[in-house]
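By convention in this document, chain letters (A, B, ...) are assigned in the order of the sequence lines, proteins followed by strands, and residues within each chain are numbered from 1.
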Protein chains: 2
Amino acid sequence: MTETAPRPTLEAVAARAGVSRATVSRVVNGGDGVREPLVERVRRAVEELGYVPNQAARSLVTRRHDAVAVVIAEPETRVFADPFFALQLRGISKELTAHDNQLVLLLTEGRDDHARVARYLAGGHVDGALVFSLHLDDPLPGLIRGAGIPTVFGGRPGWHDGDEGVVFVDSDNRGGAREAVRHLAGLGRTRIAHITGPLDQTSAADRLQGFRDVRGDADPRLVVESDFTPGGGERAMRELLARRPDVDAVFAANDLAASGALRVLREQGRRVPEDVAVVGFDDMLPVAEGTDPQLTTVRQDIEEMGRIMARLLLRRLDPSGTDDPPAGVVLPTTLVRRASA
Amino acid sequence: MTETAPRPTLEAVAARAGVSRATVSRVVNGGDGVREPLVERVRRAVEELGYVPNQAARSLVTRRHDAVAVVIAEPETRVFADPFFALQLRGISKELTAHDNQLVLLLTEGRDDHARVARYLAGGHVDGALVFSLHLDDPLPGLIRGAGIPTVFGGRPGWHDGDEGVVFVDSDNRGGAREAVRHLAGLGRTRIAHITGPLDQTSAADRLQGFRDVRGDADPRLVVESDFTPGGGERAMRELLARRPDVDAVFAANDLAASGALRVLREQGRRVPEDVAVVGFDDMLPVAEGTDPQLTTVRQDIEEMGRIMARLLLRRLDPSGTDDPPAGVVLPTTLVRRASA
DNA sequence: CCCACACGCGAGAGCGCTCTCACCTCCCCC
DNA sequence: GGGGGAGGTGAGAGCGCTCTCGCGTGTGGG
């Protein structure tokens with residue numbers, strides 16, 4: 001079983017095809033500058049021997065790995081409660097695969113891991129990194145920049161010193177929030193509340209900002225800080241109903257919180273959307289379509305976001321490319337109207 | 001930016017410490033057989049120079065990569081609708097990290113990718129593979145076995161020729177289903193229905209089998225085939241109510257389907273659990289806790305499953321270990337009682 | 001006091017590949 | 001018909017590391 005079959009080397013292929021190693025190498029790497037009959041002979045030898053290049057040997061000399069690290073910080077919280085990162089990974093994977101790059105996944109758990117990740121990235125195992133760091137005070141972005149490896153961030157990172165050149169991809173959290181709130185206003189609602197996410201995350205902060213853009217003059221009691229979870233949404237909704245029993249609309253910072261709010265509203269006998277209209281954020285399908293009534297929410301194209309991150313990184317990695325990547329890309333969101341508002 | 005700082009080599013460290021390359025190598029790899037003062041000198045030189053071993057060079061000679069591939073087949077369907085794989089990945093990642101192994105993620109999309117994955121695995125980039133393949137007729141397991149690389153499967157794979165030696169880790173789907181159905185029976189329910197998952201997946205087939213173990217004599221009309229989605233759960237529930245309006249309990253093959261069933265029951269004015277008791281499977285938190293009433297369901301420890309898969313693989317990879325890993329590990333499930341049954 | 005042996009350390013080969021450079025052919029043009 | 005060039009091919013060095021082997025030093029026993 002552990003019988004490692006002696007894999008054929010370039011040398012072996014060369015011998016079989018009756019050419020030099022250099023020629024085989026040329027053929028294997030695209031075949032420019034080799035005459036057709038030889039190409040054919042080499043191809044056949046490769047085929048017959050089942051030759052596969054040794055990546056380690058190749059990397060040793062080229063100093064390329066055709067591999068990209070994806071760093072996901074602090075998965076304990078939000079990450080694994082929803083398909084967000086899975087979708088993102090899928091987008092990233094597709095793009096990387098299309099360009100023959102591998103995806104090395106680095107999940108970090110707490111501060112201890114930071115050093116490990118930094119060391120790995122600095123260790124030259126990968127050509128670049130895609131980093132998801134949700135928290136404003138996360139030291140990881142700084143560490144990674146120190147590693148001196150091309151990096152693209154997922155989500156707007158918190159601002160640190162010397163962050164001007166940071167490349168990131170984010171959804172238009174602020175614009176999406178504005179659209180959600182305007183939709184509620186357009187329904188004639190006048191007492192629109194906002195259940196926020198954890199405000200140490202840029203996405204939550206940006207959504208709150210969007211809410212304020214439209215309802216800057218709102219009663220401060222209509223804004224309740226929460227945590228992106230159903231339980232948190234429930235608590236926030238109860239608080240809201242206690243503070244302002246006349247509330248007639250809620251914009252929750254994500255679908256999970258909205259689902260909690262919905263449950264409290266029903267429990268308290270408020271009809272949705274007749275008495276209170278509810279809008280979520282994310283369009284996390286199993287949740288948004290699973291609530292009763294189904295949730296009106298703001299959709300972000302997560303998979304596309306992943307794809308663009310990968311594309312941006314690959315562009316920076318490509319030595320041939322004209323090197324002027326945008327610093328940040330903000331993807332549009334769309335309002336998905338279902339039954340709750 | 002692309003200014004690749006010339007990374008220090010073993011040679012450089014050796015020169016600085018005034019020893020030979022061999023000695024530095026020994027120290028870096030554990031330091032056995034090197035006297036303390038020298039170890040100290042080398043350590044300092046490493047520190048000062050910020051030396052990090054070149055993994056490519058090392059792999060070239062050791063033929064080890066300290067990297068494991070995680071292959072997830074057909075992510076289009078179930079995979080990305082729920083946190084299942086994310087949790088699994090987390091478990092895997094933790095275990096691999098603890099043993100200084102890297103995780104290379106391979107997501108496949110349709111048949112074309114199979115060849116790519118097989119080539120990659122056969123290409124000797126990784127030491128082993130963890131493979132998730134849900135479908136009975138998936139050709140991937142066969143291809144991978146052909147690649148001759150140590151592999152552990154997640155979930156019981158469908159049976160192919162020569163599968164005796166397959167190592168896999170799975171939840172006790174059958175036992176969990178039995179427990180769910182017995183719980184319903186213990187509640188005094190006599191007309192217990194089952195909404196299945198897609199029966200070409202072993203997990204769904206095993207859950208059905210568990211149902212049959214307890215209710216082998218049930219009216220066949222009480223079993224409706226479905227697809228693990230909320231929409232599918234809705235359709236199945238409607239069908240069920242049409243066939244047997246007197247149904248008083250439903251065991252849905254997963255939480256998503258259960259959430260759909262719940263919605264139909266409410267819509268049709270059946271009280272849960274009074275009129276109809278409902279049990280799900282998975283304990284997918286955002287769903288199970290997000291339904292109304294909250295879902296009684298069968299929990300599987302997904303993260304642990306990932307961890308065990310990784311552990312099993314690492315054990316097979318470890319040349320020093322006494323080599324007798326179990327062929328299959330089946331993890332217990334537990335019934336989580338909430339409001340729906 | 002000398003020999004045997006173990007242990008610590010260095011020299012050097014070689015892992016499989018790419019890439020430069022020199023050579024050799026063949027063709028075109030004067 | 002000969003010289004120059006372009007393009008195709010091979011030889012060989014070297015990427016950074018590990019590992020075997022042999023030598024030198026220190027220790028214990030006869």
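At a cut-off of 3.5 angstrom, the base of D:dG16 holds no donor-acceptor pair with the side chain of B:Arg7. Judged by atom type and distance alone, B:Arg26 reaches the base of C:dG10 through a side-chain donor-acceptor pair under 3.5 Å.
In this entry the distance linking CZ of A:Arg58 with P of C:dC15 reads 19 Å, nearest Å. To the nearest angstrom, C1' of D:dC15 lies 13 Å from CG of B:Leu10. For the pair A:Arg35 CZ and D:dG8 C1', the interatomic distance rounds to 5 Å; values are reported in whole Å. Between the NE2 atom of A:His65 and the P atom of D:dG16 there is a distance of 11 Å, given to the nearest Å. For the pair A:Asp32 CG and D:dG8 P, the computed distance is 10 Å after rounding to whole Å. In this structure, B:Asn29 places its CG atom 10 Å from P of D:dC17, rounding to the nearest Å. The separation between A:Arg64 atom CZ and D:dG16 atom P is 17 Å, rounded to whole Å. What separates NE2 of A:His125 from P of D:dC17 is a distance of 11 Å, to the nearest Å.
Taking the charged nitrogens against the carboxylate oxygens, A:Glu304 and A:Arg307 do have a contact shorter than 4.0 Å, which makes a salt bridge. With salt bridges taken as basic N to acidic carboxylate O contacts below 4.0 Å, one links A:Arg311 and A:Glu95. Salt bridge status for A:Arg315 with A:Asp318: absent, with no side-chain N to carboxylate O gap under 4.0 Å.
The side chain of B:Ser20 places an N or O atom within less than 4.0 Å of a non-bridging phosphate oxygen (OP1 or OP2) of C:dG10. Phosphate contact (OP1/OP2 of D:dC17, side-chain N/O of B:Ser25, threshold under 4.0 Å): absent.
Distance from the side chain of B:Thr23 is smallest to C:dC9 among C:dT18, D:dT18, C:dC9. Here the nucleotide nearest the side chain of B:Leu60, chosen from C:dC19, C:dC15, C:dC17, is C:dC15.
Judged purely by atom type and a 3.5 angstrom limit, B:Arg41 uses its side chain to pair as donor or acceptor with the backbone of B:Ala17. Put simply, the side chain of A:Thr23 never gets that close to the backbone of A:Val19: no donor and acceptor are under 3.5 Å apart. Without hydrogens or angle criteria, A:Arg64 side chain to A:Ser59 main chain gives no donor-acceptor distance under 3.5 Å. Here the side chain of A:Asp127 pairs a donor or acceptor atom with the backbone of A:His65 at under 3.5 angstrom. Using a distance-only test at 3.5 Å, with no hydrogens or angles considered, no donor-acceptor pair links the side chain of B:Ser25 to the main chain of B:Arg21. In this structure, the side chain of B:Asp170 engages the main chain of B:Arg156 through a donor-acceptor pair within 3.5 Å.
Ring geometry for A:Phe85 versus A:Phe132: interplanar angle over 60°, hence perpendicular rather than tilted (30 to 60°).
Two residues are said to be in side-chain contact when any heavy atoms from C-beta on lie closer than 4.5 Å; B:Leu105 and A:Ser93 fail this criterion.
Within residues 36-57 of chain A, the residues approaching DNA chain D are A:Leu38, by heavy-atom distance under 4.0 Å.
When the local axes at the two ends of the helix from C:dC1-D:dG30 to C:dC30-D:dG1 are compared, using 5 base pairs at each end, they differ in direction by 40° after rounding to 10°.
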Please produce a list of atom pairs where a protein N or O lies less than 3.5 Å from an N or O of nucleotides 12-14 of chain C.
unit_1: C:dA13; atom_1: N6; unit_2: B:Arg21; atom_2: NH2; d: 2.8

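Heavy atoms only, all atoms of each residue included: B:Val68 and B:Leu130 are closest at CG1-CG, 4.1 Å.
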